[in-house]
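The structure appears right after this line, and notes come after that.
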There are 2 protein chains.
Amino acid sequence: MVRVTKVDLSPRPVEAMSPRQLERRESLIAAALALVNEIGVERLQMKQVCERSGVALGTAYRYFSSKDHLLAAAIAEWHRLLLADLVSELRGPRGGLGTTDRVVRFVRHGMRAYQRQPQLARLRVAVAASTDPFASEALQGMARADNAALQAVMAEVPTAASDLVRHIVGHAWQGELTAWVTGRTTLGDARRRLEDVVRLVLTPYDTP
Amino acid sequence: MVRVTKVDLSPRPVEAMSPRQLERRESLIAAALALVNEIGVERLQMKQVCERSGVALGTAYRYFSSKDHLLAAAIAEWHRLLLADLVSELRGPRGGLGTTDRVVRFVRHGMRAYQRQPQLARLRVAVAASTDPFASEALQGMARADNAALQAVMAEVPTAASDLVRHIVGHAWQGELTAWVTGRTTLGDARRRLEDVVRLVLTPYDTP
DNA sequence: GGGGCAAGTAGAACGCGTTCTCGTCGGACG
DNA sequence: CGTCCGACGAGAACGCGTTCTACTTGCCCC
């Protein structure tokens, strides 16, 4: 008797999961984030994540197509929380701040968050180049959230023009983060340069 | 009798190699580049590189600290050749071209080169996030060459201002390349956006 | 309640990057 | 010319991501 069944093709979409499954999924992501903060992404192994979250190794691969996919989902989730923080933080001292200053503050605080948890910066950089389609999808979602947050912070700039500006800022952020965690620049230089980029591309639109 | 000797700490610097060794090193890089073009970086294995270049596996690791290091050296070499091509190509039709148009042409031709050898684009992206210090060093050299080439192409812009601009273009290039090879955007969109970035950050300096 | 099946568990197996072992070679130095 | 020692070749060994196997559990439908 010949079995032709192919199983385990690809992870079930999040929206089609039962509550129990969503719970397991979250527990995997939480364990991954915690372990990355404790020991760093390069020493993290799937077996540990599974042990800590109480999920069998084979099952983890039913939820995430690869280690990259799990890590991408984890950093995307964290980054989304960070963006929400940054945006709401800027709602407070918004009075008297021009667009440029607001965006500079946005990226400065963002960089500081990564500085406080450098392992997450390494995680973001390590995962950015993944070719796993599921990981890539998670990262695309992260990029979209990034764009939306920037859009919210620089509401004065017309959308048509701001689209390019947002991409520039996004790329510069990712690039400087990469240069920092791979030791090609210092954190201070990275932060300074990123802020300079923001100032350069935004001052034309500033109308104080 | 106890041996305490630790060997193989790190690869011998290129400038301290004998001619025979430089030859082996080059042959490893050449084999890696050829194989990446043939089968792609994700299917490339160290064993194949060693077989094709006639170097033993252990010996390869005496020249390069890791697969990442070898691949970084390979893409850096190729990218340097590309830059030389791009710069010399712009020496021809330089008459009548403003700085912006020159740089736009520069990145357009650069993107086209990666389009012709998409496996090398994947290679560049895959290796960009490496944390191996030796790979990182090779990439830093590549980034410097990139900067120098851009500097040559936009000679009219004062150095102080052009430094930031060059970083912006470099980051946007890397970012769009990444978005393309990971399937988050199309090649056409990536090329267009990169050229738009160049135009946005350079037109203020254009003095026709 | 019972039968059937997708989903879960535990852990062995496999592939490839990296390291280790050990025998051989080649070239500098007496 | 002989000797010594670091570099090389061949391939086994090891670690971890990923997949596979065999068994068990939970859930839907009759």
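Below, read A as the first sequence line, B as the second, and so on, with proteins coming before strands; counting in each chain starts at 1. Everything numeric here is computed off the predicted structure, so don't read it as measured data.
For C/dC16, the OP1/OP2 oxygens have no side-chain nitrogen or oxygen of B/Q48 closer than 4.0 Å. At D/dC8, one or more side-chain N or O atoms of B/Y63 fall inside 4.0 Å of OP1 or OP2 (strictly under the cut-off). Look at B/R12 and you'll find a side-chain N or O under 4.0 angstrom from OP1 or OP2 of D/dA7.
With sequence neighbours left out, the salt bridge (charged side-chain N to carboxylate O under 4.0 Å, His left out) criterion links A/E38 to A/R52.
Taking only side-chain atoms of B/Q45, from C-beta outward, the nucleotide of C/dG17, D/dG17, C/dT9 with the closest atom is C/dG17. Closest contact between the side chain of A/Y61 and the listed nucleotides D/dA7, D/dT18, D/dA10 involves D/dT18. Side-chain proximity of A/S66 to the nucleotides C/dT9, C/dT18, D/dT18 is greatest for D/dT18. The side chain of B/K67 has C/dG17 as its nearest neighbour among D/dT18, C/dG17, D/dG9.
Using a cutoff of 4.0 Å between basic side-chain nitrogens and carboxylate oxygens, B/E195 and B/R199 are scored as salt-bridged.
Counting non-hydrogen atoms under 4.0 angstrom, A/L70 reaches nothing in the nucleic acid.
Following rounding to the nearest Å, B/L57 (CG) and D/dC14 (C1') show an atom-to-atom distance of 13 Å. Here the P atom of nucleotide D/dG9 and the CE atom of B/M46 are 13 Å apart, to the nearest Å.
Looking at heavy atoms from C-beta onward, A/L70 lies in side-chain contact with A/I29 at the 4.5 angstrom threshold.
Between B/R24 and A/S65, it is B/R24 whose nearest contact on DNA chain D lies nearer the 5' terminus.
Checking side-chain atoms of A/Q151 against main-chain N and O of A/A148 turns up no donor-acceptor pair under 3.5 Å.
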